[in-house]
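So the structure is just underneath, and the comments pick up after that.
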Amino acid sequence: MWDRLAASDPGLLRLAAGLRTVAAIALALAVLAALRVPVPQLVAGSMTAMAATFAIREKQRGQQAVTLALGLPVALASVSLGTLLNRWVVVGDVFFVVLIFCAVYSRRFGDRGTALGLIGFQIYFLSLFVHATTSTLPALYGVICVAFACSAFARFVLLPGTPAGTLDRLRRAFRARLAQLLAVQAELLDAGPDETEKVLEELRTGTARLHETALMIQGRLEDGTSDPAVARLLQRRIADAEIAAERLGLLLLTARSAERTDTLTLHLPGATLSSVGELPERDEATATLHRDLRALRLLMLRPAGEASGAGLAQVRNRLLGYREEENLPDASPAVQDVFRGLGETARASLGLRMALEGPRDEDQSDDSPATARSREELDAEDAAIEISEESEPEEPEPTGLKRPTTRAAVQVAVGSSLAIAGGEPLSGQRWYWAVLTCWIVFINTASTGEILVKGYRRLLGTVLGVVAGIGLAGLVGHHTWTAFGLVLLFIFAMFYTAPLSYTLMSFFVTAMLGLLYTLLNTYSTAVLVLRVEETALGAACGVIAAALVLPVRTDRRTNELLVAVLDRLADVTRGAVDQLSGGSGGDLVEQARELDQALADLRAATQPLTHPIAPQRSRRDTARYVVALLETCAYHGRSLAATAELLPTHPSIAADPRLRGACGRILHNIEVIAARVADPRSTAEIETGPSIASMLEPGTLGTPRYGRVTDRVLRHLQRLDEAVSGLARPLGVPGGPTQPRK
């Protein structure tokens, strides 16, 4: 159950955020209740504790403490201005718009600027929500101070979090998700023709979730480790395990298909196997494959302290023996390939264990020669890892209105002004709900399409939350502490579901607000209906501002990110092939990480195009197809980089200068596609011609036997060439004859 929780919530980040916020609010309520403050101040204290807790996103505890300390005077100043200016409508509205502009603009200063801007906005909103007056201002000062103290106590004492601890939980999540993926791969063996599509979708989901966890780990290695060499080693072992598991899935798909499976099948939603083959149910090789997949899953989950004993050593020896062609069953070539893939994944599992837990592994006296060779290879690779001191020159940041934070600040200020102008006629007391919605739809969005989708999700969640709020208000009535208990439950659910579904988060927020209105004795059905109206108005104002004021169209943003992905793909491919050709490819692990991050940004930006409400079906299908092709390219690029990293230490890999020439067409085509996306007037054409494998003599890279890492290079180059050429058609890039290359 713990492994399931770790896999569903990598690093327990959502659980920690929810529990920490709830603990801060509960502690603030307990202290304020002991001081016998009135209910409005209890509400103010809970909202302040929530804002002071969730606003801080820095990873180091020292930085968190400084931001929290700076947030207190910001909160006191904000509530003071909100209370004093609320009496003058025009002045108060103008200041609110200025505050919103400053809060958004402060994001350019990083996590601290974002946190302080968020605290300033939320506490000003609080003064409007509880109808603060000058007579209650001193009491509010005390409530805010108590709330900040409780937030600090919850963060640093009750539920402390460190980068090293978070990284450790993320590593547990990676192993758990890898074990889940192996379980799905085992299901693929028994899936009948009617079940294959469902299992294939689960395989895609499991592979994507594993990749998501790998990215999360890579993003926290620098803060979570004290030694750059350790961070680089972990990054490499995580990448090796991910690539090996993904390749094992592809080999299993090939074993179930009458034809060799294209890598795109694993990345394109809705894609199916061309024809599903039946594996014999009682075949000895199939039974052995089932057993070994379960054994590999067990090895992946077992901590080092429990991974001892002759039985487990024998299992590891058997799996690693498949890499050396030992004890391969009498089966079809495709099934034998799966066993070789099992051996590669077992080796990656061993490397991951050695990197995560050091030399605390079981007694090595039971190692077979194949296992001993794997350990020697891993030790040699670890010793060869060097930290690159070179740093690429940073690209100059845009200035003025071209800066994203400046543009967003102007847009949200205009949208908020529209929301105020439209919200006050609807309600002179609760117009700020429209402003809050306009503010929120701009958070973590960068294009008009993203704002439209986020506004739609918030409106849908709000409508559903209103229905729930009406029912809960009738059930709870005026039972103060029951209502506060439900508020805490909804706050936890809000933070736990926020990364998963913005609609769910909006639902819990609205249901919670219904309870808060009940506590403030201002609840009515009309109030919750008004919230829907103000929410719709705020979302509309946000979309209008984004579309008319310094707009960033979804097409423009996705094209920019697409060019960035292609540039990163070219860097990884060029560096890997250069190193495999005898040169120096640079920091390939870091280049692969940059490619993955660029692709993740593109995937997020295309959500408005692939969302079910998107009106153009063909455009939606094209966007999905292009992203799937790029994921396929990224997989082969990562695999090439991982193979190139083995070159200095692996005895079976030798550099071949001719690879550089064979790769020329791929790099040319990537550059042509990037140029066409950046400038549709470009007339350059992609090159087509014979396969990459035919451009080199057979056996050039070593023994021509499937499964050898050396010969796999050509296959990855061939698949990458096909995927890059496949990008040309949906992107409208014409093809041309191959130019001679040396």
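The structure presented is a predicted model; accordingly, all values stated were derived computationally and were not measured. We count residues from 1, following the sequence as given.
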*Considering the options Asn669, Leu629, Val733, which one meets the side-chain contact (heavy atoms from CB on, under 4.5 Å) requirement together with Ser725?*
Asn669
Can you name the ring pair (Phe, Tyr, Trp, His ring centres under 6.0 Å) partners of [X], sequence neighbours left out?
X      : answer
His636 : His716
Tyr432 : Phe125
Tyr496 : Phe492
Phe495 : Phe54

Under the rule for salt bridge (Lys or Arg N to Asp or Glu O under 4.0 Å), what residues qualify as partners of [X], not counting sequence neighbours?
X      : result
Arg169 : none
Arg556 : Glu560
Glu202 : Lys198
Arg624 : none

*What's the verdict on side chain to side chain contact (heavy atoms under 4.5 Å, CB included) for Leu727 and Leu630, showing C-alpha distance, side-chain angles and the deciding distance?*
CA-CA 8 Å; Leu727 280 170; Leu630 288 170; 3.7 Å; yes
_Donor on one side chain, acceptor on other, Ser682 and Arg676, under 3.5 Å_ = no
*Is it the case that more than 12 heavy atoms not belonging to Gln63 sit under 6.0 Å from its CD atom?*
yes
Donor-acceptor pair, [X] side chain versus [Y] backbone, under 3.5 Å?
X      : Y      : result
Thr437 : Gly538 : no
Gln579 : Ala644 : yes
Gln591 : Gly575 : no
Thr558 : Asp555 : yes
Arg458 : Val441 : no
Thr606 : Arg603 : yes

Within this structure, what is the [atom1]-[atom2] distance for the pair [X] and [Y], rounded to the nearest 0.5 Å?
X      : Y      : atom1 : atom2 : value
Leu181 : Leu248 : CG    : CG    : 8.0 Å
Arg568 : Arg593 : CZ    : CZ    : 13.0 Å
Ile56  : Ile119 : CD1   : CD1   : 5.5 Å

So, [X] and [Y], do they make that salt bridge, N to O below 4.0 Å?
X      : Y      : result
Asp596 : Arg638 : yes
Asp571 : Arg574 : yes
Asp9   : Arg14  : yes

*Using the test side chain to side chain donor-acceptor pair (under 3.5 Å), find all partners of Glu534 that sit at least two apart in sequence or belong to another chain.*
none
*Sequence-distant partners of Arg557, side chain to side chain donor-acceptor pair (under 3.5 Å), two or more places apart*: Glu450
Could you go through residues 211-220 and list every donor-acceptor pair under 3.5 Å that involves a side-chain atom there, pairing it with any protein atom two or more places apart or in another chain?
unit_1 : atom_1 : unit_2 : atom_2 : d
His211 : ND1    : Glu242 : OE2    : 2.4
Glu212 : OE1    : Arg177 : NH1    : 3.0
Thr213 : OG1    : Arg177 : NH1    : 3.0
Thr213 : OG1    : Arg209 : O      : 2.9

*Kindly indicate whether the side chain of Ile243, heavy atoms from C-beta on, has any atom under 4.5 Å from the side chain of Tyr635.*
yes
*asked:* Quick check: do Thr573 and Leu667 have side-chain heavy atoms less than 4.5 Å from each other?
replied: yes
*May I have the step-by-step check of side chain to side chain contact (heavy atoms under 4.5 Å, CB included) for Leu436 and Phe121, ending in yes or no?*
CA-CA 9 Å; Leu436 181 64; Phe121 173 82; 3.5 Å; yes
*Looking only at heavy atoms, which two atoms of Cys438 and Ser416 are closest? And how far apart?*
SG-N, 3.6 Å
_Contacts of Ala498 that satisfy side chain to side chain contact (heavy atoms under 4.5 Å, CB included) - sequence neighbours left out_ = Met505
